[in-house]
Amino acid sequence: MSIILGIESTAHTFGIGVVKDGKILSNVREMYTTESGGIIPVDSAKHHREIANDVYVRSLKDAEISENKIDAIAFSQGPGLPPCLLEGMRFAKFLCKKLNVPLVGVNHCVAHLEVGQITGAKDPVLLYCSGANTQVIAYAAGKYRIFGETLDVGIGNFIDNFARDAGIGFPGGPKIEKLALESKNYIELPYSVKGMDVAFSGMLTNLKQKLAKGEKMEDLAFSLQETAFAMLIETAERALAHVGKKELLLGGGVACNSRLQEMARIMCEDRGAKCFVPSRSLLVDNGAMIAYLGEIMLEAGLKFEVKDLNKIDILPRQRTDDVEISWK
Ligand code: AMP
Ligand code: MG
C-alpha cells in the first residue's frame with residue numbers, strides 16, 4: 001500500500017498527480033500557453049516555478065490526503081526541455097526533503113506507455129504522438145524498443161509550427177482539428193514514410209508555401225490531418241505486424257485528435273486488433289502517469305533516499321530504449 005505523488009514538467013505542462021495502489025486519486029495540470037509564438041523554454045520553466053505550489057496544494061486537496069501520507073515522490077527525469085525538467089526536479093527534491101520520503105526518476109515516454117494499463121492494454125504497441133516525440137514503441141526482449149520514429153520534428157511540433165506560421169497561436173493542434181472539420185477538400189501533400197519512420201519537414205515547408213499562395217486554411221488543416229495521420233497509422237500497423245501484437249495504445253497530446261483516433265480504430269478493426277485510447281487527461285502530459293509508473297518503480301526498489309538526492313539528475317535526452325525495465 002503506497003501513495004505516490006508524481007510531478008510532470010518536461011515541456012509546457014506542469015502537473016501533479018497522486019496515485020494509490022494503481023488508482024489515480026488526483027491529476028491537476030497547468031499549461032503554459034502563448035497567443036502567437038511557440039514555447040520559450042525559460043518562460044515555460046518560470047511558469048512552472050510560479051505555479052508549482054498551487055498545483056501541489058490542489059492535487060492534495062483533490063486526492064483528499066494530507067502531505068504526510070505521501071510515501072514517495074516521482075518526477076519526470078527526461079526526455080524534455082532542460083530548464084523545465086530542472087524546475088520539476090527542484091520541486092521534487094524540495095518535497096522529498098520536507099517529507100523525508102524517497103525520490104523516483106521516471107522516463108516520461110515509458111510513463112505514457114505504462115499508464116495505458118489503466119485502459120486495459122496489456123502488451124500494446126504504443127503510437128506516441130506528442131509535441132516533441134513521435135515514436136512507435138513496444139516491449140520486446142526485456143526493453144521498450146523504438147520501432148519507428150520521426151526523422152525530424154515531432155508531429156505536435158510540426159502542427160504547432162504550421163499553426164504559428166498561420167498566426168493562430170499555441171497549441172495549434174486543437175485549432176487545426178477545428179478548422180479541418182470545415183473542409184472536405186483534399187490538397188495533395190508530401191507523404192513521407194521510410195519503413196517505420198516518418199518525416200514531417202517536407203510537408204511543413206509545402207504547407208507554408210501553399211498558405212502563402214492563398215490556399216484556404218480549412219483545406220490545408222484537413223489535408224494536413226489526412227496526410228500526417230495516415231503516415232502515423234501506416235507505421236503503427238507495420239509495427240503491429242512486425243512484432244505480432246494485437247493491441248494498439250495511443251498516447252501523447254496529438255492523440256486527443258478525434259480523426260487520428262478514428263483512423264487508429266479503423267486500422268485495428270481491419271486487422272483484428274484492439275485499440276486503446278486513454279482519457280484526455282491521461283493522453284496529454286500529466287502528473288498522474290508519472291505517479292503511476294513511480295509506484296511500479298518504487299515497488300521494484302528503483303528509488304533514491306533523501307541522503308542520496310545529489311546522485312539523481314535530469315536526463316534531457318534519455319531515450320526509451322535506454323531505460324532498464326526491471327519490473328516486468
Ligand atoms: P504533449 O506534448 O503530449 O503534451 O502534446 C502536446 C501537443 O499536442 C501539442 O503539439 C498540441 O498542439 C497537440 N494537440 C493537443 N490537442 C490536439 C488535437 N486535438 N489535435 C492535434 N494535436 C493536438
Ligand atoms: Mg508527453
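Below, each value reflects all heavy atoms present in this structure, side chains not excepted, and no hydrogens, waters or symmetry copies. Quantities reported herein were computed from a predicted structural model and do not represent experimental measurements. Just so you know, ligand 1 is whichever comes first in the structure, and atom 1 is the first atom listed for that ligand.
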Should the pair [X] and [Y] be assigned to parallel (<30°), tilted (30 to 60°) or perpendicular (>60°) ring geometry?
X	Y	answer
Y56	F91	perpendicular
Y128	H108	tilted
F200	F158	parallel

Using heavy atoms and a 4.0 Å limit, tell me yes or no: is G172 in contact with ligand 1?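 True for this residue.
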Check for me whether Q225 has a heavy atom closer than 4.0 Å to any atom of ligand 1.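 For ligand 1, residue contact (heavy atoms, under 4.0 Å) with Q225 is absent.
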Protein residue, atom and distance nearest to [atom], heavy-atom basis:
atom	answer
atom 13 (C) of ligand 1	V254 CG2, 3.7 Å
atom 14 (N) of ligand 1	G253 O, 3.6 Å
atom 10 (O) of ligand 1	D160 OD2, 2.6 Å
atom 4 (O) of ligand 1	H12 CE1, 3.1 Å
atom 20 (N) of ligand 1	N257 ND2, 3.0 Å
atom 2 (O) of ligand 1	G131 N, 3.0 Å

Quick one: does G173 get an N or O within less than 3.5 Å of an N or O on ligand 1?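 Yes: some nitrogen or oxygen of G173 is under 3.5 Å from one in ligand 1.
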Look only at interatomic distance and state if E177 has a nitrogen or oxygen under 3.5 Å from any nitrogen or oxygen of ligand 1.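 E177 vs ligand 1: N/O contact under 3.5 Å present.
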Compute the ring centroids of H242 and F147, then answer whether they are less than 6.0 Å apart.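 Yes, ring centres under 6.0 Å apart.
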Is the Mg ion (ligand 2) less than 2.8 Å from an N/O/S atom of H112, whether that atom is in the backbone or a side chain?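 So H112 does bind the Mg ion (ligand 2) by this criterion.
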Please say which of L283, I155, L250 ends up in a side-chain contact (heavy atoms from CB on, under 4.5 Å) with C129.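 In the set L283, I155, L250, the residue that makes a side-chain contact (heavy atoms from CB on, under 4.5 Å) with C129 is I155.
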For ligand 1, which atoms sit closer than 4.0 Å to a heavy atom of [X]?
X	answer
P171	11 (C), 12 (O)
G252	3 (O)
G156	10 (O)

Cation-pi geometry met for K208 and F162 (6.0 Å, 45°):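 Relative to the ring axis of F162, which defines the angle, K208 lies outside at least one limit.
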For a quick check under 3.5 Å, do N185 and S183 share a side-chain donor-acceptor pair by atom type?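 Looking only at side-chain atoms, S183 and N185 do not form any donor-acceptor pair under 3.5 Å.
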More than 12 heavy atoms of other residues, nucleotides or ligands under 6.0 Å from CD of E269: yes or no?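 Open: at most 12 neighbouring heavy atoms sit under 6.0 Å from CD of E269.
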Would you say K23 has more than 12 foreign heavy atoms packed within less than 6.0 Å of its NZ?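 At most 12 heavy atoms, drawn from other residues, nucleotides or ligands, come within 6.0 Å of this atom.
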Looking only at heavy atoms, what is the nearest atom pair of L85 and S76, with distance?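 Distance-wise, the nearest heavy atoms are CD2-O, 3.5 Å.
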Name of the D285 atom (N/O/S only) found closest to the Mg ion (ligand 2):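 This turns out to be OD1.
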